[in-house]
Amino acid sequence: MSRYSADEIEAKWQEAWDKAGIFRATRSADKPKYYVLEMFPYPSGRIHMGHVRNYTMGDVIARYKLSTGHNVLHPMGWDAFGMPAENAAMASGGHPKDWTYGNIATMKDQMKPLGLSIDWSREFATCDPEYYGQQQALFLDFLEQDLVYRKNAVVNWDPVDMTVLANEQVIDGKGWRSGAAVERRELTQWFFKISDMAGELLDALDGLENWPAKVRLMQENWIGKSRGLEFSFDRTDGEDPITVYTTRPDTLLGASFVGISPDHPIAKALEADNPELAAFVAECRKGGTTEEAIETGEKLGYDTGITVKHPLDPTWELPVWIANFILMDYGTGAIFACPAHDQRDLDFCRKYGLPVVDTFYDIDDPKPVENEAFVPPKTEKVKWINHFAGLDEATGQEAIDATIAYAEENGWGKGVTNYRLRDWGLSRQRYWGCPIPVVHCGDCGVVPEKKENLPIALPYDEGGKPIDFSIPGNPLDRHPTWRDCACPSCGKPATRETDTMDTFVDSSWYFARFTAPRAETPTVMEDAAYWMNVDQYIGGIEHAILHLLYSRFFARAMHICGHLPESAIEPFDALFTQGMVTHAIYQTPGANGRPVYHYPEDVELKDGKVVTKDGTEVEVIPSAKMSKSKNNVVDPVSIINAFGADTARWFVLSDSPPERDVEWTAAGAEAAFKHLSRVYRIASDIADSDTGPQADDNDLLREMHKTIHDVTGGVESFGFNAAIAKLYAFTNALAKSKAGAVAKKQAAKALAQLMAPMTPHLAEEVWSMLGGDGLVANAPWPVADEKMLIDDTVTLPVQVNGKRRAEISVPKDMDKAEVEKIALSVEAVQRALDGATPKKVIVVPGRIVNVVI
RNA sequence: GCGGGCGUGAUGGAAUGGUAGACAUACCAGACUUAAAAUCUGUUGGGCCUUGUGCCCGUGUGGGUUCGAGUCCCACCGCCCGCACCA
C-alpha cells in the first residue's frame, strides 16, 4: 500500500487537467453558463492565506458548477496599478513597471500549485496598455455622454514635499515622509457623475436579493437619501441671502445660529479683508481630508459678525458662524443649528455661549435640555412646545412633513431630496496609473484625445535615463517630453493631462473585460451578453461600499455608451463577502517598552505555556490580522511545500464559516493533512479488497445519501465548514462500516466526488484508484435519493415547561394526539409533572413536544 | 464622531424560534510497539448528590417578547470592517 504523497498527486492531476483543457471557457448554447469571480489581487509580491481562502472558495463553486453541467467562466487577473509600486521604487530604486510585472510572475507561480480551475488564457493586468488603453476609450465615451466633468476639490497637501498625499500617507495630520502638518488645498480635478445616478443606485439595491443584507444596508446609508427643506435666511445687511438645507426643518423655532462651511463663498469673501478670520479659516484647513478626521477633530467656530433674520419672525436675529464641521460638499454648505436636538450643535453652543431653545419634549418626561441633546427616533411621538404648523403631539417625521408643506404653502422654502453620495473624483497626481486621455490646448481648452491615438502610454524613461522616483511629486508632470503633443482639435502644440486615474476605475470594469479580454474594443457585445452577469462574486467585506458601488455605476455608464447590454447594469447577481485569515501574535516585552514580535516557528509549547527558544514566556494575542510587521504571516508556499495544496485548501474551508475570520493554526493544518491521509488510506484499502463481511449495506448507503444531500446544500449556500464536518462524519462512518465491498466502493467514490471541489487532486487520485470513469472534475455531481433520506422513526425530546425531561421514539408520521399520549405516559415526564395537570401540550411534528403546566 | 457587523466549552466552531456544544483541535486514558512516531479505541461545558433515562447552572452583560430564545426586540460592554486619494 502506498502512502499519500501530495507532491506526486498534485503535479500529476494538474497536468491531466491542463491536457484535457477542461477549464477553458468557450461560449456555447448547449449548456447554461456560470460566471464565478473572486476579487482580483493586487500584485504585492507574494500570495497570502487570504488569497488562498478567497480563491479556494471561488474554486469550490466553479468546480461544483462544472460538475452540475454548467459552462463555467472562472478567470483571473491583476489589479496592478497603485501606490505600492511607486513606493517601492522610491524606497529601493527600480521601476514600478518592473516591480509590478515581477510580482505578477512570482505570484502566478505561487498560485498555480493550488490547482485552481482558472481559465488562464484570459489573464490580464490592469497596467497592460491593452487594458488601460480600452479604459481610456471608455473615459472618452463617458466624456461624450456627459458622465465626466471637471471641478475643484480638496486634496491633502504636503507643504514641505510640495506634493499631494493619499489619506493613508497622512498620519495624525502630518505627512508620512516630511512630517509636515498637512493642509487641505483645492485642485481642478476630474469627476464621474455618480451622484446623478444616486436615486437609481439606491432603488436598484432592492433587486440584489443575493447580496448580503448588510452590504445593501451599508450602500443605502452611504448613498444617504434624505428629504429636507431648502430655504434662505435674509441678511440684515441687505446682502444676498444665505441658503441652507436641513433635514429637521421642524426644529426651526429652536434655531440658535446659522453655520457656514469654511469653504463657503461668504467665508472666502470675508477672508480677503479680515486677517483674523482668514487665520481662523486657515486653521480649519489644517489636517487631512477624511470625514473621520473632520468628525473627530475639535469643533471650532468663528463669529462672522453677520446677522440674519429668522424666516418666521423678522424681529428674531441670528448670528452667522463659520464652523469647521460643516462640509461644503453636502447640501448647500450652510445650516441652521438646533442645539436642543443635535448633540454636535449643543456642544458647539455650550462652548461658544450660544442660546439653546427647546422645541419639543418627551411626552412622559417634559424637561428642558441641559447637556444632553434630546434626539428621539423620528417615529416617536413627542410633545411640541410651540409649533408654527399648529402641532401638539406628533412624531418628528409628521412634524417634518407638516413643516415642508407649511413652508411651500407660504412660499419661503421648498422640499428637496438630497443625497450624501458625492461625485467620484478620479484624478490622481501620480505616475503608476492609467493616464487621463485629454490634452490642454491654449486655444481650444480641454480637448479629448482621439481614439486612434490610444493607448496614451506611460513613459518608461525620462530623457533617456530611468525616471527618478525618489523625488516627491508626479514624474509625468516634470517629464521633459511626455507632456508635449499636438492639440487633437487644432493641431497646435499642446500639453497632455498629467493626472492618472484612481485605481478604483481599473477595478470597476475588469469583470466585463474578462468576457472578451483581447478585444480591440472595451467589450464585445455578444460575449458580454453571453457571460454577464457575474453569477457569483466573492471578496472581502472591506469592498462593501466603494468598489461595489463604483462598479454598479460603471456598468450603467458602460451600458449608456453601448459597451454592456441593459441586462448587465447590475453586474453581480450574487455577492459573498468572506472573512480574513488571522493568526496569533507572539510577543515579549522589549527593552524600549515596545513589544518584540516572534515568528510562529520560533516559539514552542512547554508545560502548557508558550515560550521562546530561550524559555521566556510569550504573550499570545489570538486572531490578529496577518501583518508582516507583527511577524504573524503564514506563507502559503511553505504550507503547500510541507503538506500540499489540498491540505491548505481543506483547512481554510474547514475551520470557520466563510463569512467570518478564520484563525490559521499549525495544529489545524496538520489535522487537515492527517485527515486527507486517512481518506487516502481508507480509499486504497477499499480499492484493494473486494471481499469482506457483508452486512449493513443499507446503513452505509443511507449515510451516503444523507451526506450527498447535506454537502450539496452546504456548497450551494456557502456552508463550506458545515459541509466539511459532514464529510468528516461520513469518512468516520465509512471507516467503521461493515458493509460489503460493492457498497463501500460506491460510498468511497461518492466521497471522492463530494470532496472534489475542495481537494480536487486527492479526489482525482481516489476516483481513479476506485476505477472511476474519466476525471472526477468532469463527472456529474451525485444526486441524493430522497427515499434514502427519511428515517421511519424519529426521536422527539419531551419538554416540561421548556425543560427537556425525556425522549420518545415514534413513527415519523404518527398523529399529534397519539404523540401527546405517549409523551405524557413517559415516567420521567410524569415525575416532572409531579401530579400537576398539563394546561397545554404543544406537539411540533418531527421536532419536539412541550408540556405546559 | 458616523455607518455596518460580530461575541457559544481549554480552542475553531455546529444548531429552518424547538434536545446547546455536531464536526474538529487540544488534553487525558487505553490498544499496538523494546521505545517513539504513525494508527486505532474511549472520555471531556461547569457544579451537586441520592451515580440516575438524576438535579441545578450555562451561548459577552442586563432587561423584554414567546409554550419554548444562542437565534427575535431594547439598552450596555468588548472587538472587527468602512468613512470617498490604501487596495
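Proteins come first, then strands; the chains are lettered A, B, ... in the order of their sequence lines, and each starts at number 1.
- Note on A/Arg420: every side-chain N or O is 4.0 Å or more away from OP1 and OP2 of B/A84.
- For B/G9, the base adopts the syn conformation, since its glycosidic angle falls within 90 degrees of zero.
- The side chain of A/Lys736 sits closest to B/G42 out of B/G42, B/U19, B/A84.
- Under the 30°/60° scheme for interplanar angles, the aromatic rings of A/His675 and A/Trp650 are found to lie parallel.
- Checking B/A24, B/U19, B/C85 against the side-chain heavy atoms of A/Pro797 singles out B/U19 as nearest.
- The residue A/Ile724 sits apart from the nucleic acid: no heavy atom pair falls under 4.0 Å.
- Residue A/Gly82 is classed as a sugar-phosphate contact, given heavy-atom separations below 4.0 Å to backbone atoms only.
- Of the candidate nucleotides B/C85, B/C23, B/C81, B/C23 has the atom nearest to the side chain of A/Ala729.
- A donor and an acceptor atom never sit less than 3.5 Å apart when one is taken from the side chain of A/Glu291 and the other from the base of B/C83.
- Counting non-hydrogen atoms under 4.0 angstrom, A/Met218 reaches a base of the nucleic acid.
- Nearer the 5' end of RNA chain B, as judged by each residue's closest nucleotide, is the contact made by A/Gly668, out of A/Arg430 and A/Gly668.
- Closest to the A/Gln799 side chain, of the nucleotides B/A20, B/A84, B/G3, is B/A20.
- Residue A/Ala671 places its side chain closer to B/U25 than to any other of B/A84, B/U19, B/U25.
- Within the 3.5 Å criterion, the main-chain N or O of A/Cys434 finds no donor-acceptor partner in the side chain of A/Arg428.
- Here the side chain of A/Ser809 pairs no donor or acceptor atom with the backbone of A/Thr795 at under 3.5 angstrom.
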Per-nucleotide protein contact along nucleotides 51-58 of chain B, 5' to 3', at a 4.0 Å heavy-atom cut-off (B base, S sugar-phosphate only, - neither), is ---SSSS-
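- A straight line from CZ of A/Phe81 to P of B/C86 spans 17 Å, rounded to a whole angstrom.
- Using a 4.0 Å heavy-atom criterion, one finds that A/His547 contacts no nucleic acid atom at all.
- Between A/Arg422 and B/A84 there is no side-chain polar atom (N or O) within less than 4.0 angstrom of OP1 or OP2.
- Regarding contacts with the backbone of B/G7, a side-chain N or O of A/Arg660 is found under 4.0 angstrom from either OP1 or OP2.
- Rounded to whole Å, the distance from CD on A/Glu220 to P on B/G3 is 13 Å.
- Rounded to an integer number of Å, the gap from CG of A/Leu676 to P of B/A24 is 14 Å.
- By the 4.5 Å heavy-atom criterion applied to side chains, A/Pro435 and A/Tyr132 are counted as neighbours.
- A donor-acceptor pair is defined here as one N or O able to donate and one able to accept, closer than 3.5 Å; no such pair exists between the side chain of A/Ser737 and the backbone of A/Leu734.
- Spacing between atom CG of A/Asn156 and atom C1' of B/C86 amounts to 13 Å, rounded to whole angstrom units.
- Scanning atom types as modelled, no donor and acceptor separated by under 3.5 angstrom connect the side chain of A/Glu659 and the base of B/C6.
- A/Trp424 comes within 4.0 angstrom of nothing in the nucleic acid, heavy atoms only.
- Within the nucleic acid shown, A/Arg678 comes within 4.0 Å of sugar-phosphate atoms alone, with no base atom in reach, counting heavy atoms only.
- Ring geometry, A/Phe673 versus A/Phe643: the interplanar angle falls from 30° to 60°, so the pair is classed tilted.
- Considering only the side chain of A/Asp79, B/A87 comes nearest among B/A87, B/A38, B/A84.
- Here B/C86 presents its P atom at 13 Å from CD of A/Glu86, a figure rounded to the nearest Å.
- Within 4.0 Å (heavy atoms only), A/Phe504 reaches at least one base atom of the nucleic acid.
- When each of A/Pro84 and A/Pro657 is assigned the nucleotide of RNA chain B with its nearest heavy atom, A/Pro657 is the one assigned upstream, toward the 5' end.
- Spacing between B/U59 and B/G70 at atom C1', rounded to whole Å, works out to 5 Å.
- Ion pairing of A/Glu291 with A/Arg420 is present here, as a side-chain N (NZ or NE/NH1/NH2) and a carboxylate O approach within less than 4.0 Å.
- Residue A/Glu298 is classed as having no contact, given no heavy-atom separation below 4.0 Å to the nucleic acid.
- Note on A/Leu217: only backbone sugar-phosphate atoms sit closer than 4.0 angstrom, heavy atoms only; bases stay farther off.
- Across all strands, A/Ser507 comes closer than 4.0 Å to no nucleic acid atom at all (heavy-atom distances).
- The existence of a salt bridge linking A/Lys193 and A/Asp423 is excluded, since no basic side-chain nitrogen approaches an acidic carboxylate oxygen closer than 4.0 Å.
- Closest approach to the A/Val844 side chain among B/G18, B/G1, B/C85 is made by B/G18 (side chain taken as heavy atoms from C-beta onward).
- With B/U16, B/C86, B/A84 as the choices, the nucleotide that has an atom nearest any side-chain atom of A/Arg847 turns out to be B/U16.
- Residue A/Ser654 places no side-chain N or O under 4.0 Å from the OP1 or OP2 atom of B/A24.
- Rounded to whole angstrom, the span from the CZ atom of A/Phe651 across to the P atom of B/U11 amounts to 16 Å.
- Note on A/Lys299: nothing from the nucleic acid sits closer than 4.0 angstrom, heavy atoms only.
- A straight line from CD of A/Gln219 to P of B/C2 spans 22 Å, rounded to a whole angstrom.
- Partner assigned to B/G1 is B/C83, using Watson-Crick or G-U wobble distances below 3.5 angstrom.
- Side-chain proximity of A/Arg681 to B/G4, B/C40, B/C86: nearest is B/C40.
- Across all strands shown, A/Asn732 has heavy atoms under 4.0 Å from sugar-phosphate atoms exclusively, and none from any base.
- A salt bridge links A/Lys351 with A/Glu298: the closest approach of a Lys/Arg side-chain nitrogen to an acidic carboxylate oxygen falls below 4.0 angstrom.
- Between B/A84 and A/Asn167, a contact under 4.0 Å exists linking OP1 or OP2 to a side-chain N or O.
- One P atom belongs to B/G7, the other to B/A15, and the distance between them is 12 Å to the nearest Å.
- In terms of phosphate contacts, A/Asn721 brings no side-chain nitrogen or oxygen within less than 4.0 Å of OP1 or OP2 of B/A22.
- Phosphate proximity of B/G18 to A/Asn850: absent, as no side-chain N or O sits under 4.0 Å from OP1 or OP2.
- In this structure, A/Lys674 atom NZ and B/C23 atom P are separated by 18 Å, rounded to whole Å.
- Here the nucleotide nearest the side chain of A/Ala725, chosen from B/A84, B/C23, B/C67, is B/C23.
- The aromatic rings of A/Phe504 and A/His547 sit parallel, their planes meeting at an angle under 30°, below the 60° perpendicular limit.
- The side chain of A/Ser656 contributes no N or O atom lying less than 4.0 Å from OP1 or OP2 of B/G12.
- The backbone N or O of A/Leu201 lies less than 3.5 Å from a partner atom in the side chain of A/Arg552, making a donor-acceptor pair.
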Side chains of residues 715-725 of chain A: which donor-acceptor pairs under 3.5 Å do they make with residues two or more places apart or in other chains?
from: A/Glu716; atom 1: OE2; to: A/Tyr64; atom 2: OH; distance (Å): 2.5
from: A/Ser717; atom 1: OG; to: A/Gly713; atom 2: O; distance (Å): 2.8

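- Across all strands shown, B/A31 forms a Watson-Crick or G-U wobble pair, both distances under 3.5 Å, with B/U39.
- Within the 4.0 angstrom heavy-atom criterion, base atoms lie near A/Gln429.
- As judged by a 4.0 angstrom heavy-atom cut-off over every strand, A/Ala667 is placed among residues touching the sugar-phosphate backbone only.
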